[in-house]
Amino acid sequence: MLDVDFIVGNVDVVKRAIDVKGVDLDLDHLLAKHEEVKAILIEVEDLRHERNVLSKQTGKADESERQQLIKESRSIGSKLKEKEPGLREKQDELRELLLLVPNIPGDDEPVGPGEESNVELRTWGDKPEFGFEAKDHVELLELHDWAVASIGNLAGSRSYALRGELALLEMSLWRFALDYMVKQGFTAVALPSFAREAALVGTGHFPGSREEAYELEDDLFLSGTSEVGLNYLRSGEILSPSDLPVRDAGFSTCFRREAGAAGKDVRGLLRVHQFYKVEQYVCCVPDREESNRWFEALLANAEALVQALELPYRLVRLSTGEMGAGKVRTWDIECWLPSANEYRETHSVAEFYDWQARRADLRYRDEDGRVRYLYTLNNTAIATPRILAQLLEVHQQEDGTVRMPAALQPYLDGLEVLGAASAD
RNA sequence: GGAGGGGUGGCAGAGCGGACGAAUGCGACGGUCUUGAAAACCGUUGUGCGUGCAAGCGUACCGGGGGUUCGAAUCCCUCCCCCUCCGCCA
């Protein structure tokens, strides 16, 4: 969410953001609604003031005046009863509109509607050159009996069940990433996957991507990222400078309906409904340079992790149409997937400034005593099972075994190669 | 699932229809005193919105929402959260 006063004072800037981000929103309608709310609010507050004055007098008045005062108050009361519901309704409508206003994209981010406008910033590592017929990750899973083939009967399409070494590998990755984050000064937080609507509005996932979330009974949803929980932990509090920056490494099971991805990536581990994520989350003082430093730190953490996994990747700067409504900028790390002969997203760094903080009510009191909204950022640390696809494919060997990067071996009881027992 | 008790300012805790944005204590901040500190004493100390250049003024908020009333922290309805006991259970 943006500050209304900012919107009013920067109509062109906001309109441009709506345009380049491809958001369906009529800003003039919002501005008119805002004016309308203000006008009614002034009327209603005047009436309330009159009523308060009369009521106060009524309490002190003697019986002779009392009836007259009550009569006057009643007439104001009935006027208020006419106007108040309309005010409430219009305020709600305004809030709904404000929730749709996108953040202003950073000046240096590429402008364009989609993927084709993304800009590759750099690559790291060499794509593997196999001197043999390389397998894709699904073939490797089958070869070693690392996944239950008929799992769809249990949990539907886009589900998976890992077995044996792969099940252990998946869990090793979580711990590997968490340990790394803790070493960087982050606090590990194990989070629920459940979230109330307000928390999903808080991150910006609602109302825009409501259809992506599984809705449960009891007013709960399954969240698609631990960011939802992390971002809401301090909602409504006013933090002090000593609480900052908040640096959390969240872990949770994540659920996504993949409503907009029908028929895409149905095979294998690339796009499943239930997955796991270690998430980096930072909440810092509202300062763009500070935010930029954290953006770079979160990016560096992610790069260090994929480098330790020895996965070739590229860094992509997402275009305005791709970055998401709430973001100032989003940069993705895409790891090389040999079977697809392309890079596939594994990490996504996002910077919000105070857009999320306004929604989730994250504030602090600065050194001068002013209450201000904070800035938030987040990035993936590791998300499984997707990255298993790259890990298996990139590190596969001619005999079908899979070499494990040295950084991961301590988490696998020293195992250097997976699949040795089942390989020919 | 059953029974009961609670949600009030940074914290503790009073208030249960008008003088209440809210006693009191603690904490925090500023000052006096002191070589310095502590203690003591004095003062300040919630948030949102509207309006205004500002000082200020107005309005709303005592878990959320709705209602009764001239007037609600206080009464009613409803939802949420927390605690205790019983049952069940990983």
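We use all heavy atoms of the structure for the numbers below, so side chains are in, but hydrogens, waters and symmetry mates are not.
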Checklist outcome for this item: A:S55 has its side chain closest, among B:G18, B:U47, B:G50, to B:G18
Checklist outcome for this item: The nucleotide from B:G58, B:G18, B:U47 with an atom nearest the side chain of A:E45 is B:G58
Item to check | Electrostatic pair A:E96-A:K33, nearest N-O below 4.0 angstrom | outcome: no
Item to check | Separation of B:C80 P from A:E197 CD (nearest whole Å) | outcome: 15 Å
Checklist outcome for this item: Side-chain contact check for A:R88: nearest option of B:U59, B:G66, B:C70 is B:G66
Checklist entry - Within the pair A:H49 and B:G58, is there a side-chain N or O less than 4.0 Å away from OP1 or OP2? => result no
Next on the checklist: When the P atoms of B:U68 and B:G56 are compared, how many Å lie between them, rounded to an integer?
Outcome noted: 37 Å
Next on the checklist: Work out how far the C1' atom of B:A22 is from that of B:C62, and round it to whole angstrom.
Outcome noted: 8 Å
Checklist entry - When the distance from CZ of A:R365 to P of B:G27 is rounded to whole Å, what number comes out? => result 19 Å
Item to check | Inter-nucleotide C1' distance (B:A14, B:C20), Å rounded | outcome: 12 Å
Next on the checklist: Let's test this: given Watson-Crick or G-U wobble pairing with both distances under 3.5 Å, identify the partner of B:U34.
Outcome noted: none
Checklist outcome for this item: A:I238 CD1 to B:C11 P, in whole Å, measures 11 Å
Checklist entry - What is the ring orientation for A:W174 with A:F251, classed by angle as parallel under 30°, tilted 30 to 60°, or perpendicular over 60°? => result tilted
Item to check | Base paired to B:C29 (Watson-Crick or G-U; both N/O distances under 3.5 angstrom) | outcome: B:G43
Checklist entry - At under 4.0 Å, does any side-chain N or O of A:R74 touch on OP1 or OP2 of B:G71? => result no
Next on the checklist: Mind checking if A:N52 touches a base, just sugar-phosphate, or nothing, with heavy atoms under 4.0 Å?
Outcome noted: sugar-phosphate
Checklist entry - Below 4.0 angstrom from OP1 or OP2 of B:C70, is there any side-chain N or O of A:K79? => result no
Checklist entry - With sugar-phosphate meaning primed atoms plus P, OP1 and OP2, does A:L69 contact a base, only sugar-phosphate, or nothing at under 4.0 Å between heavy atoms? => result nothing
Checklist outcome for this item: Rounded to whole Å, CZ of A:R66 lies from C1' of B:U69 at a distance of 12 Å
Checklist entry - On a whole-Å scale, what distance lies between the P atoms belonging to B:C29 and B:C82? => result 33 Å
Checklist entry - Which residue, A:G77 or A:V371, contacts RNA chain B at a nucleotide closer to its 5' end, judged by nearest heavy atom? => result A:V371
Next on the checklist: Check this for me: does any side-chain nitrogen of one of A:R403 and A:E310 sit under 4.0 Å from a carboxylate oxygen of the other?
Outcome noted: yes
Checklist entry - Is a salt bridge present between A:R293 and A:E290, judged by a nitrogen-to-oxygen distance below 4.0 Å? => result yes
Item to check | A:K21 side chain to A:G324 backbone, donor-acceptor under 3.5 Å | outcome: yes
Checklist entry - Whom does B:A73 pair with, Watson-Crick or G-U wobble, provided both distances fall under 3.5 Å? => result none
Checklist entry - With nearest nucleotides of RNA chain B determined for A:K81 and A:H34 from heavy-atom distances, which residue corresponds to the more 5′ nucleotide? => result A:H34
Item to check | Opposite nucleotide pairing with B:A55, Watson-Crick or G-U, both atom distances under 3.5 Å | outcome: none
Item to check | Gap in Å between the two P atoms, one belonging to B:A28 and one to B:G87, rounded | outcome: 46 Å
Checklist entry - Applying a 3.5 Å limit to both distances, which nucleotide forms a Watson-Crick or G-U wobble pair with B:G87? => result none
Checklist entry - So, are A:D28 and A:K15 salt-bridged, with charged N and O less than 4.0 Å apart? => result yes
Checklist entry - B:U45 C1' sits how many Å from A:R370 CZ, rounded? => result 18 Å
Item to check | A:V14 and its side-chain contact (heavy atoms from CB on, under 4.5 Å) partner, picked from A:N103, A:L27, A:L31 | outcome: A:L27
Next on the checklist: Is the phosphate of B:U51 approached by A:K38 (side-chain N or O, under 4.0 Å from OP1 or OP2)?
Outcome noted: yes
Next on the checklist: Angle between ring planes, A:F186 versus A:W294, binned at 30° and 60°: parallel, tilted or perpendicular?
Outcome noted: perpendicular
Checklist outcome for this item: In whole angstroms, the gap separating P of B:C49 from CG of A:L94 amounts to 12 Å
Next on the checklist: Can you check the distance between B:U34 and B:A60, where both ends of the measurement are the P atom (answer in whole Å)?
Outcome noted: 49 Å
Item to check | N or O in side chain of A:R196 less than 4.0 angstrom from B:C81 OP1/OP2 | outcome: yes
Checklist entry - Is there a Watson-Crick or G-U wobble partner for B:G21 with both distances under 3.5 Å, and which nucleotide is it? => result none
Checklist outcome for this item: Separation of B:G48 atom P from A:R359 atom CZ, nearest Å, is 19 Å
Checklist entry - B:U84 and B:G67: how far apart are their P atoms, nearest whole angstrom? => result 36 Å
Checklist entry - Can you tell me how far P in B:U8 sits from the matching atom in B:G4, rounded to whole Å? => result 22 Å
Next on the checklist: In whole Å, I'd like the distance from the CG atom of A:L54 to the C1' atom of B:G18.
Outcome noted: 14 Å
